[in-house]
Visitor: 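Mind looking over this structure? Questions follow.
If you read the sequence from its start, that first residue is 1, and numbering goes on from there.
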Amino acid sequence: MHFVNEFILLGFHGQGKIQSFFFFSLILLLYLLTLLGNGAIICAVKWDSRLHTPMYILLGNFAFLEVWYISSTVPNMLVNILSESKTISFSGCFLQFYFFFSLGTTECFFLSVMAYDRYLAICRPLHYPSIMTRKLCVSLICGCWVSGFLCYPVPIVLISQLPFCGPNIIDHIVCDPGPLFALSCVPAASTELICYTFNSVIIFGPFLSILGSYTLVLRAVLRVPSGAGRMKAFSTCGSHIMVVSLFHGTLMVMYVSPSSENPAGMQKIVTLVYSAGTPLLNPFIYSLRNKDVKDALKKVLGLTTAQN
């Protein structure tokens, strides 16, 4: 049973009006660029038949995921910056918690599947078309979405049942388990252990899978006699490795290392990086490093009309 009906989500507090307006404008610009960049990839994959292959179908779905992932936190963050009260309802807080963590979990699974796809394409090229069929690709995509949204209901229900009798101030930019545990009126060691275990399994499980896939890829690439062939393979996987490193690195800092060692300011910055930074960078990383995507984007934007 809880006694608190709403929380105060401090966000980046203690700023003047000019600083708040500048910060609001910056976050809004990043949000719009993220929607534009990921939306462009979705359109390119949908409308260019040359990209109707498993690798790009996964990329298009990943871009779609990123749109929802950043939208689960940033709009509320923007409202919070301009708000005087900075309140969020009890149910709204846990609803944001559920969607933010479920979408983040889905992203972990997607990155693992994309690594497996690159392993098949590079290490087993002759068998790739018969293994990574459209049916398997769709099944993996559905599995990522369903699994991502089934992982966190139990921890969230357990945390929501804790007694919150005040204070109700969350010194963070999102509703996160660490600050919520700190507001509980009674110790919740068992619930904290369950959440820590969930976070560790969800972060390290896909990460080890990705690490295994790219270890095999690296071993195969180093055996390629042609320098041009090695460069092409590294270029194909390089963008994915950059995304994995940024996303999983920040997650480990937040949820695997002891939260007591991370100051509130650092937690906010790290959360902002993986919740808003990676969705923004993904379209640029993938499109700038991939000729097929760049050509498809030019076609969608009508930049090749003059040449045709």
Visitor: Starting from the C-alpha separation in whole Å, work towards a yes-or-no answer on side chain to side chain contact (heavy atoms under 4.5 Å, CB included) for Y116 and I131.
Guide: CA-CA 11 Å; Y116 174 66; I131 297 176; 4.2 Å; yes

Visitor: Roughly how far, to the nearest 0.5 Å, is OH of Y128 from OG1 of T133?
Guide: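 Going from OG1 on T133 over to OH on Y128, the span is 10.0 Å.
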
Visitor: Are any non-hydrogen side-chain atoms of F62 and I41 less than 4.5 angstrom apart?
Guide: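 When only atoms from C-beta onward are counted, I41 and F62 do not touch, as no gap falls below 4.5 Å.
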
Visitor: Between V113 and V201, is there a shared hydrophobic cluster once you connect ILVMFWY residues whose side-chain heavy atoms come closer than 4.5 Å?
Guide: no

Visitor: Looking only at heavy atoms, which two atoms of S71 and L35 are closest? And how far apart?
Guide: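 Minimum heavy-atom separation between S71 and L35: OG-CD2, 4.2 Å.
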
Visitor: Please check if L65 and F109 belong to a single hydrophobic cluster, counting links between Ile, Leu, Val, Met, Phe, Trp and Tyr side chain heavy atoms closer than 4.5 Å.
Guide: no

Visitor: Looking at every non-hydrogen atom in both residues, tell me the closest pair between L58 and F110 and how far apart they are.
Guide: O-CE2, 4.1 Å

Visitor: Is Y119 reachable from L211 through a run of I, L, V, M, F, W or Y residues, each pair having side-chain heavy atoms under 4.5 Å apart?
Guide: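 Hydrophobic grouping puts L211 apart from Y119.
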
Visitor: Indicate the ring-plane relationship of F94 and F164, choosing parallel, tilted or perpendicular according to the 30° and 60° boundaries.
Guide: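 Answer is tilted, since the angle falls between 30° and 60°.
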
Visitor: Could you state the interatomic distance from CG (L28) to CG (L33), rounded to the nearest 0.5 Å?
Guide: 9.5 Å

Visitor: Under the 3.5 angstrom rule, does the side chain of Q96 hit a backbone N or O of C175 as a donor-acceptor pair?
Guide: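 Judged by distance alone, yes, a pair lies under 3.5 Å.
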
Visitor: Tell me, with the steps shown, if L51 and K46 meet side chain to side chain contact (heavy atoms under 4.5 Å, CB included).
Guide: CA-CA 8 Å; L51 300 186; K46 180 177 176 59; over 6 Å; no

Visitor: Using a 4.5 Å cut-off on heavy atoms from C-beta on, say whether the side chain of N38 contacts that of F64.
Guide: no

Visitor: Got V4 and C165 here, is their nearest side-chain heavy-atom distance under 4.5 Å?
Guide: no

Visitor: Would you sort out whether I202 and F101 count as a side chain to side chain contact (heavy atoms under 4.5 Å, CB included), showing the intermediate values?
Guide: CA-CA 10 Å; I202 288 170; F101 274 72; over 6 Å; no

Visitor: Donor-acceptor check, side chain of D48 to backbone of A44, threshold 3.5 angstrom: yes or no?
Guide: no

Visitor: Say you draw a straight line from CD1 of I70 to CG of L280; how long is it, rounded to the nearest 0.5 Å?
Guide: 7.0 Å

Visitor: Can any side-chain N or O of S130 pair as donor or acceptor with the backbone N or O of H127 at less than 3.5 Å?
Guide: yes

Visitor: Tell me the closest heavy-atom pair linking C151 and F198, and the distance in Å.
Guide: O-CE2, 2.8 Å

Visitor: Look at atom CH2 of W68 and say whether more than 12 heavy atoms of other residues, nucleotides or ligands are closer to it than 6.0 Å.
Guide: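 Check fails, neighbour count at 12 or below.
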
Visitor: So, S83 side chain and N80 main chain: donor-acceptor pair closer than 3.5 Å or not?
Guide: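 Answer holds: no.
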
Visitor: To the nearest 0.5 Å, what is the distance between NE2 on H248 and OG1 on T278?
Guide: 10.5 Å

Visitor: Give me the one residue out of V253, T250, L281 that meets side chain to side chain contact (heavy atoms under 4.5 Å, CB included) with V273.
Guide: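 Among the candidates, only T250 passes.
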
Visitor: Where do L10 and K86 come nearest, in terms of heavy atoms and distance?
Guide: O-CD, 3.5 Å

Visitor: Output yes when a side-chain donor or acceptor of D117 lies under 3.5 Å from a complementary backbone atom of P54, and no otherwise.
Guide: no

Visitor: Does one hydrophobic cluster hold both L208 and I203, with members joined at side-chain heavy-atom distances below 4.5 Å?
Guide: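 No.
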
Visitor: Can you name the closest pair of heavy atoms from V74 and A276 and give their distance?
Guide: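 Scanning both residues, the minimum pair turns out to be CG2-CB, 4.2 Å.
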
Visitor: If I take atom CD from residue E107 and atom CG from residue N282, how far apart are they, to the nearest 0.5 angstrom?
Guide: 6.5 Å

Visitor: Tell me, do T53 and Y56 make a side-chain contact under 4.5 Å, heavy atoms counted?
Guide: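 In short, these two side chains touch, coming nearer than 4.5 Å.
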
Visitor: For H52 and V45, indicate whether the former's side chain and the latter's backbone hold a donor-acceptor pair under 3.5 Å.
Guide: yes

Visitor: Measure the acute angle between the ring planes of F90 and F7, then classify it against the limits of 30° and 60° as parallel, tilted or perpendicular.
Guide: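 Taking F7 first and then F90, their aromatic rings lie parallel (interplane angle under 30°).
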
Visitor: Specify whether Y69 and F100 have parallel, tilted or perpendicular ring planes, treating 30° as the upper limit for parallel and 60° as the lower limit for perpendicular.
Guide: parallel

Visitor: Under a 4.5 Å side-chain heavy-atom rule over Ile, Leu, Val, Met, Phe, Trp and Tyr, are L82 and I88 clustered together?
Guide: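 Hydrophobic grouping puts L82 with I88.
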
Visitor: Is a side-chain N or O of N168 found less than 3.5 angstrom from the main chain of E6, in a donor-acceptor match?
Guide: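 Yes, because the side chain of N168 sits within donor-acceptor range (under 3.5 Å) of the backbone of E6.
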
Visitor: Under a 4.5 Å cut-off applied to non-hydrogen side-chain atoms, are Y31 and M77 in contact?
Guide: no

Visitor: Tell me, do Q267 and L272 make a side-chain contact under 4.5 Å, heavy atoms counted?
Guide: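 Counting from C-beta outward, Q267 and L272 never come under 4.5 Å.
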
Visitor: Are R50 and D295 close enough for a salt bridge, meaning some N to O gap below 4.0 Å?
Guide: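 Salt bridge between R50 and D295, a charged N being under 4.0 Å from a carboxylate O: no.
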
Visitor: Could you tell me which residues satisfy salt bridge (Lys or Arg N to Asp or Glu O under 4.0 Å) with R134, sequence neighbours excluded, listed by chain and number?
Guide: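 Checked R134 against salt bridge (Lys or Arg N to Asp or Glu O under 4.0 Å); zero matches.
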
Visitor: Any side-chain heavy atom of C108 within less than 4.5 Å of one from F207?
Guide: no

Visitor: I would like to know whether N61 and I57 meet side chain to side chain contact (heavy atoms under 4.5 Å, CB included); could you show each step before the answer?
Guide: CA-CA 6 Å; N61 276 271; I57 291 173; 3.7 Å; yes

Visitor: Rounded to the nearest 0.5 Å, what separates atom CD1 in I210 from atom OG1 in T215?
Guide: 11.5 Å

Visitor: Can you find a pair of side-chain heavy atoms, one from Y98 and one from P153, that are under 4.5 Å apart?
Guide: yes

Visitor: Between L30 and T34, which heavy-atom pair has the shortest distance, and what is it?
Guide: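 Result for this residue pair: O-OG1, 2.7 Å.
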
